Number of protein chains: 2
Amino acid sequence: MELLEVIKSLSNETRLNILKWLKDPYAHFPKEELSEEALELGVCVSDIAKKAGMSVPTVSDYLKTMAVANILIATRRGQWTYYKRNEQLLQELAMHIKNVL
Amino acid sequence: MELLEVIKSLSNETRLNILKWLKDPYAHFPKEELSEEALELGVCVSDIAKKAGMSVPTVSDYLKTMAVANILIATRRGQWTYYKRNEQLLQELAMHIKNVL
DNA sequence: TGCAAATTTAGGGAATTACCTAAATGCCTA
DNA sequence: TAGGCATTTAGGTAATTCCCTAAATTTGCA
């Protein structure tokens with residue numbers, strides 16, 4: 001885990017919000033927007049952009065940044081890219097801060 | 001704890017290094033530089049600036065930023081300002097990431 | 001094949017951050 | 001109270017980040 005890269009990817013209000021929304025998609029996105037596999041795959045770019053009130057390209061880039069930092073996991077399904085949290089890395093991050101930092 | 005403020009104050013390599021150095025001052029600063037109370041008070045601005053290889057004003061500002069975010073605790077003693085880690089806040093941060101984020 | 005929808009890439013202006021030097025302030029001691 | 005040392009404040013340039021629109025790409029489907 002590249003600590004600085006992870007921290008930087010979290011150092012923006014919108015990106016931090018996205019991470020929180022993805023913790024419980026059903027609580028933060030309209031049900032009809034979520035794929036049946038929402039829990040497994042996550043939420044697609046345009047739905048996240050709508051929720052964030054920002055342009056699709058901006059949010060697409062945010063999501064990519066977080067995926068590169070390994071905080072999110074991307075899955076391409078047809079024309080959609082779904083993003084979900086990488087819970088393992090988040091737990092690693094917490095442990096790292098607790099014990100190493 | 002203002003999560004975004006805390007994360008931002010950690011989103012810089014030098015500031016992250018400072019935090020690590022302050023975890024064990026005796027391992028990272030020359031003994032003769034450390035006050036007898038180093039463990040209690042922390043390390044002064046100019047010693048940290050020297051270790052970081054950066055100008056004193058820049059480091060002074062970094063330290064102040066981290067203190068405002070409550071990651072560091074500042075103690076003024078005569079003409080020196082000592083900085084040490086706020087271990088409690090760091091544990092809070094770890095728990096927050098583990099359970100809330 | 002060819003259009004439509006979702007996403008990504010490119011390119012750019014505005015805002016913020018990084019980090020410096022010079023000047024100002026605070027505190028000690030002769 | 002003057003001079004010296006540590007720190008902070010001011011002010012500025014360069015680099016990075018924010019976040020947009022336009023264009024290109026990818027994929028599904030009639």
Side-chain angles (χ1 to χ4, degrees), chain A residues 2 4-19 22 29-30 32-38 41-69 71-84, chain B residues 2 4-19 22 25 29-30 32-35 37-38 41-69 71-84:
Chain A
E2 199 56 59
L4 184 57
E5 185 185 29
V6 168
I7 288 176
K8 281 189 172 179
S9 83
L10 294 177
S11 67
N12 169 282
E13 186 162 21
T14 301
R15 290 194 297 267
L16 214 45
N17 281 333
I18 291 172
L19 197 63
L22 291 180
F29 296 90
E32 60 275 17
E33 275 180 4
L34 298 172
S35 76
E36 289 173 24
E37 317 147 300
L41 298 179
V43 182
C44 72
V45 176
S46 47
D47 290 347
I48 297 174
K50 188 192 298 173
K51 171 78 178 174
M54 299 185 73
S55 75
V56 168
T58 295
V59 170
S60 171
D61 188 56
Y62 281 174
L63 293 168
K64 186 176 187 177
T65 299
M66 290 192 277
V68 167
I71 281 188
L72 296 184
I73 295 168
T75 310
R76 182 91 189 196
R77 266 286 206 287
Q79 48 199 150
W80 292 274
T81 304
Y82 296 94
Y83 283 93
K84 66 175 174 185
Chain B
E2 200 56 58
L4 183 58
E5 184 185 30
V6 168
I7 288 176
K8 280 189 171 177
S9 83
L10 294 177
S11 67
N12 168 282
E13 185 161 23
T14 300
R15 290 195 298 266
L16 215 44
N17 281 333
I18 290 171
L19 197 64
L22 291 179
F29 297 91
E32 58 277 19
E33 275 179 5
L34 297 173
S35 77
E37 316 148 299
L41 298 180
V43 182
C44 71
V45 176
S46 47
D47 290 346
I48 297 173
K50 187 191 300 174
K51 172 78 178 174
M54 299 185 74
S55 75
V56 168
T58 295
V59 171
S60 171
D61 188 56
Y62 281 175
L63 294 168
K64 187 176 186 175
T65 298
M66 290 192 275
V68 167
I71 279 188
L72 297 183
I73 295 169
T75 308
R76 181 89 189 199
R77 266 287 206 287
Q79 46 200 149
W80 292 275
T81 305
Y82 296 94
Y83 284 92
K84 66 175 174 185

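None of these values were measured; they are calculated from a predicted model.
- If you take OG1 on T65(A) and CG on L10(A), they are separated by 11.5 Å, rounding to the nearest 0.5 Å.
- Taking atom CD1 of I18(B) as the reference point, atom P of dC19(C) lies 10 Å away to the nearest angstrom.
- Inter-axis angle, ends of the helix from dT1(C)-dA30(D) to dA30(C)-dT1(D), five pairs per end, rounded to 10 degrees: 10°.
- With rounding to whole Å, L16(B) atom CG is found 16 Å from dT17(C) atom C1'.
- Protein atom CG of L72(B) is 16 Å distant from nucleotide atom C1' of dT7(D), rounded to whole Å.
- A 4.5 Å side-chain heavy-atom check between M54(A) and Y62(A) finds at least one atom pair inside the cut-off.
- Computed from coordinates, the K64(B) NZ to dG26(C) C1' distance equals 14 Å when rounded to whole Å.
- Here dT8(C) is the nucleotide among dT17(C), dT8(C), dT7(D) with the atom lying nearest to any side-chain atom of Y83(A).
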Quiz item: When every nucleotide of nucleotides 19-29 of chain D is labelled 5' to 3' by its protein contacts under 4.0 Å (heavy atoms), B for base, S for sugar-phosphate only, - for none, what sequence of letters results?
Solution: BBBB----BS-
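- When rounded to the nearest whole Å, the span between CG of L63(A) and C1' of dT9(C) equals 15 Å.
- Going from atom CD of E13(A) over to atom C1' of dT17(D) covers 15 Å, rounded to whole Å.
- The residue Y82(A) sits apart from the nucleic acid: no heavy atom pair falls under 4.0 Å.
- One interatomic measurement links the two molecules: CD1 of I7(B) to C1' of dT16(C), which rounds to 18 Å at whole-angstrom precision.
- Here I18(A) contributes atom CD1 and L63(A) contributes atom CG; the two are 5.0 Å apart, rounded to the nearest 0.5 Å.
- For the OP1/OP2 pair of dA6(D) and a distance below 4.0 Å, the side-chain nitrogens and oxygens of T81(B) include no atom meeting the criterion.
- Applying the side-chain hydrogen bond (donor to acceptor under 3.5 Å, both in side chains) test to Q79(A) and every residue at least two apart in sequence or in another chain returns nothing.
- The side-chain heavy atoms of I48(A) and L22(A), taken from C-beta on, include a pair separated by under 4.5 Å.
- Around NZ of K51(B), the count of heavy atoms belonging to other residues, nucleotides or ligands within 6.0 Å exceeds 12.
- With rounding to the nearest 0.5 angstrom, the CG atom of D61(A) is 8.5 Å from the CZ atom of R15(A).
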Quiz prompt | side-chain contact (heavy atoms from CB on, under 4.5 Å) evaluation trace for V68(A) with E5(A) | solution = CA-CA 9 Å; V68(A) 167; E5(A) 185 185 29; 3.5 Å; yes
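- Rounded to a whole Å, the NZ atom of K8(A) is 10 Å from the C1' atom of dT17(C).
- Taking 4.0 angstrom as the limit, S60(B) places none of its side-chain polar atoms (N or O) nearer than this to OP1 or OP2 of dT9(D).
- A residue-by-residue look at R15(A) and V45(B) shows that V45(B) has its nearest nucleotide of DNA chain D further toward the 5' end.
- Side chains of K8(B) and L4(B) form a contact here, defined as non-hydrogen atoms less than 4.5 Å apart.
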